[in-house]
Amino acid sequence: MESLTFAVLVDGENASPKDFIGILREVEKKGDVALKRVYADWTMPHQSGWKDVLHETGARPMQQFNYGKDAADHALIMDAIELIMDTPRLNAVCIVSSDGGFHTLALRVREKGLYVMGVGKRNTPERLRRACHHFVYTDLIESESQEPVMLEGADEVCLDDLLIRSYEAAEVEGSAVYLGEMGSKLKRFDPAFDPRSYSFPTLKALIKANDHLFETVSETNDRFFFRLKDEAVKAGSNEVLEGSVTKWISHYGFIEVNEDCYYFAKPNVQSKHRTHRFRKGDRVRFAVSKYPNNSAANAADSNGRAVDVELLSVVNESRSKDLEVA
């Protein structure tokens, strides 16, 4: 793959200075940073927080008086077009903003054959995220050095469904799939996909944790091949059941249905319920991703797997003080 040389263009009136150093580190994972420009009306007092960060990072402040709505945005767009036309060594652009209005710029840059990376908040409109080859949420960058947590607002799409669709797109004539190829297909289906959204530091860790879907075929320090299990249930054909939570520990728990046990984790919960502190007795509805196997040698293999978990009713709080909570 051709090495990437980035122009990092920041909407300083939309992005936060406290994120900027982490953003640059994130871009440097993809390639070299040739120039860094931050656009804002620097005469405005509320932009003073950028001063030290600009000095520390060597970024260039681009002054644009607020003569009209989105004046700084227009300056960024015009400079981006000039840079990609007049600077041949640049083959990648990183747009730092949550403003969906930049989606047209991202599309035009991509049409010129350049790599487009985006960085923004969770509320970034889908049109901008989809216009990028790669999009990173700022909250993932902020939490990079902290203990991994499940973030509210993580991918709305069922994770199992996304993984299976990406695997099937990467598979060639039934052969095992290389991790790098899987990552490319995941980005094609969802440019904002990031394993950190599901509490895993790397894609390999995420794949290995989803052992109800995949099995490892070959693994070395720099190569990882895996295969979709024959018994993996394809998303869309899952049976829907109702049951009660029997246990919840931090980010995962168990649901009982007619003496069968189903495992689920935070990523398997519908986004509107991910902040709920599950308790024993909570009633839920879910889709079956893997059926229990009561003849299995250990509990992990015998448990079923629940996805798309929906909270139906909450156990009485007064009866649950001594139960485990998230």
Side-chain angles (χ1 to χ4, degrees), residues 29 134 136 140 148-151 154-241 249-255 260-271 274 286-309:
K29 293 177 183 179
H134 178 56
V136 180
L140 295 179
V149 295
M150 170 48 51
L151 299 162
D155 196 353
E156 300 290 335
V157 178
C158 171
L159 178 60
D160 283 17
D161 182 30
L162 181 61
L163 291 174
I164 291 173
R165 283 190 291 136
S166 300
Y167 178 91
E168 291 175 340
E171 184 184 31
V172 178
E173 297 181 351
S175 60
V177 167
Y178 173 54
L179 184 69
E181 183 65 18
M182 179 72 165
S184 298
K185 299 303 182 186
L186 282 163
K187 282 296 183 183
R188 181 172 298 178
F189 284 116
D190 181 6
F193 174 82
D194 193 315
R196 292 172 297 185
S197 288
Y198 301 95
S199 304
F200 294 97
T202 64
L203 178 58
K204 182 196 283 190
L206 175 63
I207 295 297
K208 294 181 77 170
N210 280 274
D211 55 1
H212 66 294
L213 296 177
F214 304 112
E215 58 187 359
T216 300
V217 174
S218 174
E219 180 178 7
T220 62
N221 288 335
D222 59 350
R223 307 284 285 180
F224 181 71
F225 290 87
F226 60 98
R227 190 187 308 278
L228 184 68
K229 288 184 175 180
D230 293 337
E231 64 270 23
V233 178
K234 302 295 188 292
S237 62
N238 300 340
E239 180 183 2
V240 175
L241 299 175
I249 305 172
S250 184
H251 296 299
Y252 68 93
F254 300 90
I255 303 167
D260 285 333
C261 186
Y262 292 84
Y263 165 87
F264 74 108
K266 273 287 188 185
N268 308 126
V269 179
Q270 293 184 3
S271 61
R274 287 193 188 128
F286 62 94
V288 178
S289 175
K290 171 182 173 292
Y291 286 97
N293 178 10
N294 295 325
S295 62
N298 56 68
D301 291 336
S302 67
N303 293 330
R305 178 85 174 205
V307 296
D308 196 29
V309 178

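In this chain, numbering begins with 1 at the start of the sequence shown.
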| So, K229 side chain and D211 main chain: donor-acceptor pair closer than 3.5 Å or not? |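 Yes, K229 side chain to D211 backbone: donor-acceptor pair under 3.5 Å.
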[Y] side chain reached by [X] side chain, heavy atoms, under 4.5 Å:
{"X": "T202", "Y": "F224", "value": "no"}
{"X": "D260", "Y": "L241", "value": "no"}
{"X": "L159", "Y": "V307", "value": "no"}
{"X": "E171", "Y": "L228", "value": "no"}
{"X": "L213", "Y": "I207", "value": "no"}
{"X": "F264", "Y": "N303", "value": "no"}
{"X": "F200", "Y": "K208", "value": "no"}

| Excluding sequence neighbours, so at least two apart, what forms side-chain contact (heavy atoms from CB on, under 4.5 Å) with A192? |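 Expected list: R129, F135, Y137, D190.
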| task | Indicate the ring-plane relationship of F226 and F214, choosing parallel, tilted or perpendicular according to the 30° and 60° boundaries. | result |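 If you compare the ring of F226 with that of F214, the planes turn out perpendicular.
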| message | Please verify the inter-ring angle class for Y252 with F254; under 30° counts as parallel, over 60° as perpendicular, anything in between as tilted. | response |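 Answer is perpendicular, since the angle exceeds 60°.
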Which pair of heavy atoms, one from [X] and one from [Y], lies closest together, and at what distance?
{"X": "V217", "Y": "A176", "result": "CG2-CB, 3.9 Å"}
{"X": "Y178", "Y": "D222", "result": "OH-O, 4.0 Å"}
{"X": "Y167", "Y": "S175", "result": "OH-O, 4.1 Å"}
{"X": "P292", "Y": "Y262", "result": "CD-OH, 3.4 Å"}

| Contacts of type salt bridge (Lys or Arg N to Asp or Glu O under 4.0 Å), residue D194, not counting sequence neighbours |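 Testing D194 for salt bridge (Lys or Arg N to Asp or Glu O under 4.0 Å), a comparison that skips the adjacent residues, returns R196.
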| request: Would you check if there is a donor-acceptor pair between the side chains of H134 and K187 at a distance under 3.5 Å? | output: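 Judged by distance alone, the side chains do pair up.
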| request: Starting at CZ of F193, measure out to NZ of K185 and round the result to the nearest 0.5 Å. | output: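 Atom-to-atom, F193:CZ and K185:NZ are 15.0 Å apart.
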| request: Would you give the length of the straight line joining atom CG of N210 to atom CD of E215, rounded to the nearest 0.5 angstrom? | output: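 Rounded to the nearest 0.5 Å, the CG-CD separation comes to 14.0 Å.
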